[in-house]
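Worksheet: one structure, shown below.
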Amino acid sequence: MKILIVGASGTIGKEITRLLENDHEIIRAGRKGADVQADITSETSIQKMYEQIGKVDAVVNASGGANFSPVTELTPELNEKGIQSKLKGQINLVLLGLQHMNAKGSFTLTTGVMMDDPIAQGASAAMANGGVKAFVKAAAIEMPRGIRVNSVSPNVVEESWDRLHTFFEGFEAVPASRVALAYKKSVHGLQTGMNYEVY
Ligand SMILES: NC(=O)c1ccc[n+]([C@@H]2O[C@H](COP(=O)([O-])OP(=O)(O)OC[C@H]3O[C@@H](n4cnc5c(N)ncnc54)[C@H](OP(=O)(O)O)[C@@H]3O)[C@@H](O)[C@H]2O)c1
């Protein structure tokens, strides 16, 4: 399969790439230093990326962010990052990618544990995650040509624990390699409309 991995250089993206690269042709995408440059917050950039790489059999996204902020300090401006990046960025990868996806191909997006198990300062990311999950479930029933769409909801990963542990006190971090298996399941399997929880 020809697989586009957006965010391939990241903590989770690296493990997804490691898991898939022996059996597939991988195209790594990111804002810098990748096979193809793309910023998911820009529709023009996404379009250009798809035009550059041609048809694909799978798109995996392991990028997208949101601001952490207490709700009382969460301004519309701060919230905008989650909307532009984690929410719209991911959904636009599907909307703009459909015509570049081969029949029976798949899209796999990323949500996260904090939409189900809320943490302080996590409302903006949870909003985006919930939107992505709902989009995936609803869009799956209308996908043309046997194309599937799923998301993966990782717990906080062990490799990010030093950076994130103060937000996730009492959570049991999971290895990124275990999270990567859910992306493999999505790419190789037949299920659609799923949000695979790796908690
Ligand atoms: N780490 C965790 O514990 C955890 C837990 C739950 C959910 N998640 C979610 O999993 C995803 C990946 O997390 P991570 O920790 O692996 O992230 P990470 O280590 O920060 O890596 C992010 C990757 O995405 C790329 N990227 C960032 N912004 C981009 C943009 N606007 N357009 C295109 N590429 C972009 C980065 O490369 P460039 O800088 O070159 O663009 C990098 O390859 C995120 O959606 C995150 O919310 C992570």
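Indexing begins at 1, ligand by ligand and atom by atom, following the structure's order.
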- Heavy atom under 4.0 Å from ligand 1: found in K86's side chain, backbone, both, or neither? side chain
- Under 3.5 Å, N or O to N or O, is G10 touching ligand 1 that way? yes
- Any idea which protein heavy atom is nearest atom 20 (O) of ligand 1, and the distance to it? R163 NH2, 5.0 Å
- Query: Counting both backbone and side chain atoms, is some N or O of D39 under 3.5 Å from an N or O of ligand 1?
  - Reply: yes
- Task: Look at atom 29 (C) of ligand 1 and find which of K32, R31, Q84, E15 reaches it with the closest heavy atom.
- Result: R31
- Mark up the atoms of ligand 1 that fall under 4.0 Å of a heavy atom belonging to S160, in ascending order. 1 (N), 2 (C), 3 (O)
- Item | Option nearest atom 5 (C) of ligand 1 (shortest heavy-atom distance, choices V152, N61, N155, V157) | N155
- Note on the structure: In ligand 1, the atoms that come under 4.0 Å of a heavy atom of T110 are 9 (C), 10 (O), 11 (C), 45 (O)
- Non-hydrogen atom of G64 closer than 4.0 Å to ligand 1: yes
- Item | Closest to atom 37 (O) of ligand 1 among S9, G7, G112 (heavy-atom distance) | S9
- Item | Distance from atom 8 (N) of ligand 1 to nearest protein heavy atom, with residue and atom | I12 CD1, 4.0 Å
Tell me which donor-acceptor pairs under 3.5 Å the side chains of residues 60-68 have, and how far apart each pair is, sequence neighbours excluded?
residue : atom : partner : partner atom : Å
N61     : OD1  : S63     : N            : 3.3
N61     : OD1  : S63     : OG           : 2.8
N61     : ND2  : S63     : O            : 2.9
N61     : ND2  : Q90     : OE1          : 2.8
N67     : ND2  : L78     : O            : 3.0

- Does ligand 1 have any atom sitting under 4.0 Å from a heavy atom of N129? no
- Determine the sole option in N195, D116, N129 for which the side-chain hydrogen bond (donor to acceptor under 3.5 Å, both in side chains) test with T111 is passed. N195
- Query: Can you find a pair of side-chain heavy atoms, one from F107 and one from V136, that are under 4.5 Å apart?
  - Reply: no
- Under 4.0 angstrom from ligand 1, any heavy atom of G33? no
- Item | F168 and F171 aromatic ring geometry - parallel, tilted or perpendicular at 30°/60° bounds | perpendicular
- Item | Min heavy-atom dist A38 to ligand 1 below 4.0 Å | yes
- Query: Which ligand 1 atoms does T111 reach within 4.0 Å, using its non-hydrogen atoms?
  - Reply: 7 (C)
Kindly list each side-chain donor-acceptor pair under 3.5 angstrom involving residues 186-194, sequence neighbours excluded, with atom names and distances?
residue : atom : partner : partner atom : Å
S186    : OG   : T108    : OG1          : 2.6
S186    : OG   : N150    : ND2          : 3.1
H188    : NE2  : H24     : NE2          : 3.0
Q191    : OE1  : Y196    : OH           : 2.8
T192    : OG1  : V149    : N            : 3.0
T192    : OG1  : V149    : O            : 3.4

- With heavy atoms of S63 as the reference, note each atom of ligand 1 found under 4.0 Å away. 24 (O), 25 (C), 26 (N), 34 (N), 35 (C), 45 (O)
